[in-house]
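Each chain gets a letter, A, B and so on, in the order the sequences are listed, and its residues count up from 1. Note that the structure is a prediction, hence the values are computed from the model and not measured.
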Amino acid sequence: MNGGELLILLALTLPLFAAAMIYAVGRMPDVRETLTLVACIGLAIVAISIFVRVGQGDPPALTVAEPLPGLAIAFRVEPLGALFAVMASVLWGVNSLFSIGYMRGRREARQTRFYICFALAMFGVMGIAFAANLFTLFLFYEALTFVTYPLVTHAGTPAARRAGRVYLVTLVGASVLLFLPGIIGVQSMAGSTTFTPGGLLNGRVDAAAGSVLLLLLVFGAAKAALMPLHGWLPSAMVAPAPVSALLHAVAVVKAGVFAVLKVSAYIFGPDLISTLPAATWILWMAAGSIVIASLVALTKDDLKTRLAWSTVSQLAYVTSAAMLPMASGLVAGGLHMVFHAVAKITLFMCAGAIYVATGANRVSEIGGLGRRMPWVFVAFLAASFAIVGLPPMAAMWSKFLLITASFGSGEWFTAAALIASSLLSLVFLMPVAFRALFSPAGDGAGGEFVRPGGTPVTSLVALCVTAAACVVLFVAVEPLADYLAPIAAVSFMETAP
Amino acid sequence: MTAPVLEASFALNVALLLMLVVLAAAVVWTRSLLAAILLMSVYSLVSATWLMVMDAPDVAFTEAVVGAGISTIVALGAILLTRGEAVRVSWKRQVVPGLLAGLVGGLLIYAMSGLPDFGDPASPANSHVGRAYLETAKRDIGAPNVVTAVLGSYRGFDTLGETVVILAACIGVALMLGFGPRATLAPPAGAPGDHHVVLRVTAKMLVPLIILFALYVQFHGDLGAGGGFQAGVIAAVAIILHALVFGLRETTAAIPPQAARAVAALGVVVYAGVGIVCIVNGGGFLDYDHLLTPQIEAMIPAGLLGDPDKPHHWGQYFGILAIELGVLMTVSATMITIFYGFAGRTIDAIAAELRR
Amino acid sequence: MQLEALYVAQPALTAQAPILAIAVPLIGACAAALAPSGRAGWMISVVAAMVSAWMALAVAGEVMREGVILYQLGGFAPPAGIALRVDAMGALIALLIGAVGTLAAVFSGHSLAAEVRPEKHTLFQAGFLLAQAGMVGLVYTGDAFNAFVFLEVSSIGTYALVAAGERRDRRALPAAFNYLIMGTIGATFYVIGVGFLYGATGTLNMADMAARLGTLDQNAAVQAGFAFIVAGLGVKAAMFPLHGWLPGAYAHGPSLISLFLAATATKAAIYLMARFLFEVFPDGAAFGDMFLQWVLAPLGAAAVIVCSLQAVFARELRRMIAFSSVAQVGFIFLGFSLANASGLSAALFYMTAHGLMKAAMFMALGGLAISIGARRLEDFAGVAREAPWTAVAFGIGAASLVGTPLTMGFLAKWQIMEAALAGGRIWIFAVMAAGSVLTLVYVGRIIEVMFFREPAPGAPRAKESPVGVLVPLLILAGLSLWFGIDASLPQQLAQAGAASLFEVRP
Amino acid sequence: MLIVAGVAGLIVAMSLMIVRAVLGPSHYDRILAANSFGTKTVLLIALMGYLFGRPAFLDIALVYALINFVTTIALMKFFRYRSLARPLAVAGGEDGADG
């Protein structure tokens, strides 16, 4: 077994091992959480090593089993997956840090199960990130659905159970009825489902069959929450804040758009995408999603729900990036996936921090709160800047690239939707931070913290780190873009503005 | 055959088939179960006779002993457990089954047009494998009755399967009916005022005669119609006659149900055992030519069966003899078990009814 | 695992393996009937079933090495004599029968004690072994009439075995009666059909028949024979709408019989139907293609949809799973109706997968039936807590039924759907997807009740199955998982079997 | 020719028995008809054996006679005692054996 195989194996088994260990020491909270953090750090190191190897042109690969000829459980890392893995593993660590404060602060029940499911979710994410073919991706994608189900229903209330049912029915239903048939279609057209640079199906299907497959696969990845399959995401917000932060800003939804990007880049390829009418339809639906979700977000008073609708909108950015008939769209989509994740996890952690400290979860309740929780709201402001796409935040670049690509490929409608949504997010996010920081008096100005001492310090550290990351990545965008360039099978510089 | 004989047999055919139609219609029409059983028994006799006209005595034999004999008695046992009348069924519920039956009948008639004429020597059934049997049976098997050669040797594996089917029926009946609580039987008679003395004496004389006849049928199978199956049924009929006249208790004292079941199983063991012995001696399963080792074969006196100069197939001879014995055991024991099951059950039913 | 490299018996024994796989359980049945006690009967049953499975494995290896095996009975060459003719397809199904039979025999030790009157145990074991011998014989034989004989051997005993469930559930009796009537009609139709074919060809050997039927597809007797054989085997295979006997027989019979029949009985009949459809009847005969296109495919689809819905609305757990079996037969027939090697291979694989998963599910319910005599779905609330291993094994079977990835059921569905797409039958594909979702619905209901619901207060508490049940149960569940990850063993047989049938066809 | 006439006569007689067996009206009529029918069958088969030159048919005729006998006993016993298992000769039993 060579180093690459070992690394992949480690990335997959580490979370499993962590889950088992957490189960074993579940009665000792301190040990349990130390263990979680150690696992996070270990996984991040493994993911970064893989990331580096991919950058050096030595992508690790591993075949686990081949149940049927042409149908293998296999892994092969490419830049997008490496980036996804690094992002998820690092943010897992940050989020675990946050969770410790949050879960203890809220005195939540079933904390051991919570940490176990998180570790298992990471197992799913690593599998998705490194999958060498659609079948493997599907396996881990489904596993992710099931291990996150207990997290969504964590509260155990009837509302949580209802949300859990919506979650399961939407995701599994879409998988079975759309995604899986799509995969079988690919298998029967191409004889395999291996992710191939330049597109597996390129040159093997006609426009009609290709369109059907594209529709099946893009809508089947319901985790990407493309309208009209977005309903589960806002309803899943009944889960505790760390769950929303990691899963509904990072792991689960990003697994969805990651699948869409992979399908676009490796199953269809930019050349084929540009000839498929369905790509244009999806593009329009994504543009519609972007605008509509932004508008809905505007009407929501519940902070987490507002953020969730914003996520729906931002995910549609990535989907539209994947559908643009232009190679640079993929790079922009990949970058946006990461930058949005960092920004959105910050926002959710801020929301969680506010909730744990004050019990407030509505926008209307936080006027003047910024005086007492300055760090939280500064971080919130920074992340809001990122979502809107203002400098000096990294997300500016991805948005910029995306809008340029839309213009470049003549998709005026999409470009207009992107700009409109940026303006809308300015309207629904900025007032939150502004109201808290600058309004002299409001509901939140006086009174005591629900939890003595306000936001737990670990949570505070976590959200500051990610807020800072938004800024740091602004500077680091070019190497990242170069790193991702191979997925579009073209050099980044050729198409860069 | 001469022309008048052919004409006569044609007229016979028509007459017998007409009878079959009338009887079948009457069975469907009658509401009394007992009448239906009686008519079915007559139906079996007619169809057996018709099979004789078709020159298929082996089949006719079986049809007579099973259709008219055993199954009538068993059916009688069965209606003791039910009401004597069929339940009235509304015509609406008969529409679909009627249509299906019509469909099946239509299909059967349609199929007739594809079958060769009766007795056509060029028909596939008479020219292919059937002809081969006629030509080779004497040489391969040595049995004068080709039917026995086919059933016992060429297709001996089928016969094994059929014997096993009968064993399965035995097991099934024993499972379903064989374990109920038995009411005590009335004490055997012999008291003054016995009105059945003629029957008793006749039966007592007949039972051994019937068994003797069964043995004749058994060993005669090589030459004419007959064989283990028919012989088994006839032997069982003897036992059943005994039970009918002397009562089940007397009979079960002589042949306990457990013994009957064991014999049924042993019959299959004998049959399959012959097959295994053939394997052990280097042949295939049921390959009677390997049943006897050459040493044993050499010990058989040449003139044991008639002409010493004629080539003998001792393996085939003893093989068929042995498997026919197995068939006899299984069939007779099974028939007895079935009769025990139904007859014994009847008492329970009556006893239960009396108690109520 | 490569079967070619599998030598499990000496050459001399391997040469006799096909017949021994049939004869050993046959003689075992007689021995069990003579056994002095139920315990002895059980031991005989286990040993005989195991030997039969061993021989089936030897045959499978030999088939993969040598191709089709011919075994002449009585030393007469076919068509005069009867020959066993084992191809890869038969080897696969016989292996399934052997494996399930062995595990079921082990399981029967505890299960019978709970469900069947003690004095019946020895005869019960005998009947069970006869059924196994009959099914292996049915699968191995190369003779159409011999197949009928074994069809009867395998069914006659099971009618009474179903009825023996009356100790626990009185409805076993009418169910067994239905089963008997329908089964007898099916067998009779089959033998009428064989009779017509004999009239038209003068032979009973299937290969010989196929050769002589080549130009006879316009013959009325051949056409009628086809109709009778297909209808007769359709009854035995529970082809929709001829499946009326199945739900009752599976739901009310003793666990051992439900599990054994569900795993193997319909499979053997389906297998025989495949032999006739793709091997015996003339290549490209109009009636054959019409049947596949316009009868088998729509009926399969109807079974998938209607019976899945019936399963969704069923109230009793075993009935639910029984309806599911009919729906699964529909999936298999959809695979057949594609009329190509990949469709047939997929359907064969599906048969194996379904056999293993249903055996696991019924065995798990049998294990639970030892402690709780539950019938309705609600009675199983929360059993996962009391009997975790049993519940997990059931869950694995259920997961395979749904087609969860990494189980055999997934690969099975995958293959049929892929074959349907490759054959351009989008509608079959769509029906399969819809059927899978329906399956998900009812299995989801069961899993929710078993694993996530609290037991009703005062309800009888389930106990973990005894070891004698748990071991075969976990092996069955493990096989469903193992073949979901490495399907090479069933896959190579299924593919070789399908290829050998379609080699005959241009 | 005589033989053919004999066959024809038997056929007529058998047909009449069938009429009786079908019409009844009482079960005793039917049993009698069936029994008589069986006897005629035996005769018919014996004649046919002669007609076709197959003396072996006599074996089968013998079986028919035997079956006919036992079946009739079973039927009569069924009527008399509603049981197949009870011994036949219970004097003054509860069924009123001599009634």
[X], part contacting chain C, at a heavy-atom distance under 4.5 Å:
X: B:I166; result: neither
X: B:Q316; result: side chain
X: B:D158; result: both
X: B:V104; result: both
X: B:S123; result: neither
X: B:A169; result: both

Segment of [X] engaging chain B (4.5 angstrom heavy-atom cut-off):
X: C:N205; answer: neither
X: C:F196; answer: both
X: C:A33; answer: side chain
X: C:T203; answer: both
X: C:I185; answer: neither
X: C:E152; answer: both
X: C:I82; answer: both
X: C:Y71; answer: side chain

If you compare all heavy atoms of [X] against all heavy atoms of [Y], which two are closest, and at what distance to 0.1 Å?
X: B:A265; Y: C:C30; result: O-SG, 3.4 Å
X: B:I171; Y: C:A126; result: CD1-CB, 3.6 Å
X: B:L107; Y: C:A227; result: CD2-CB, 3.7 Å
X: C:A220; Y: B:S113; result: CB-OG, 3.2 Å
X: C:L123; Y: B:A174; result: CD1-CB, 3.5 Å
X: B:H128; Y: C:D208; result: NE2-OD2, 2.6 Å

### Message
Using a 3.5 Å distance criterion without hydrogens, assess whether the side chain of B:Y288 forms a donor-acceptor pair with backbone atoms of C:G74.
### Response
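Answer holds: no.
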### Near-ring test C:F145/B:F157, centroid separation under 6.0 angstrom
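They do not qualify: ring centres at least 6.0 Å apart.
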Quick check on the interface: out of [options], who has the most heavy-atom pairs with chain B under 4.5 Å?
options: C:A133, C:A176, C:A80, C:A131; value: C:A80
options: C:N219, C:V116, C:N146, C:L34; value: C:N146
options: C:V222, C:D143, C:L173; value: C:D143
options: C:I22, C:T141, C:L130; value: C:L130

### Query
Between B:I279 and C:I19, does a side-chain contact (heavy atoms from CB on, under 4.5 Å) hold up when you go through it step by step?
CA-CA 10 Å; B:I279 289 184; C:I19 189 65; 3.9 Å; yes
### Message
For the CG atom of C:L180 and the CE atom of B:M176, what is their distance to the nearest 0.5 Å?
### Response
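Here the rounded value is 9.0 Å.
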### Distance, nearest 0.5 Å, that separates CZ of B:R155 from CG of C:L73
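Spacing of CZ (B:R155) from CG (C:L73) equals 10.0 Å.
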### Task
Show the numbers, then the answer: is there a side-chain contact (heavy atoms from CB on, under 4.5 Å) between C:L26 and B:L160?
CA-CA 10 Å; C:L26 212 60; B:L160 171 62; 4.1 Å; yes
### Message
Side chains of C:L204 and B:V129, heavy atoms from C-beta outward: is any pair under 4.5 Å?
### Response
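Answer no - side chains too far apart.
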### Query
Quick one: are C:Q223 and B:Y110 in side-chain contact, heavy atoms under 4.5 Å?
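Contact flag for C:Q223/B:Y110 side chains = yes.
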### Message
Counting heavy-atom pairs closer than 4.5 Å to chain C, which one of B:I276, B:L167, B:L108 comes out on top?
### Response
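The candidate making the most pairs under 4.5 Å is B:L108.
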### Query
In terms of heavy-atom pairs under 4.5 Å, which option from B:C278, B:S153, B:A132, B:P116 contacts chain C the most?
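The answer is B:S153.
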### Message
Please determine whether side-chain contact (heavy atoms from CB on, under 4.5 Å) holds for the pair C:L20 and B:F285, giving the CA-CA distance in whole Å, both sets of side-chain angles, and the decisive distance to 0.1 Å.
### Response
CA-CA 9 Å; C:L20 289 180; B:F285 191 73; over 6 Å; no
### Message
With a sphere of 6.0 Å drawn around OH of B:Y133, does it hold more than 12 non-hydrogen atoms of other residues, nucleotides or ligands?
### Response
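Yes, OH of B:Y133 has more than 12 neighbouring heavy atoms, counting only those of other groups under 6.0 Å.
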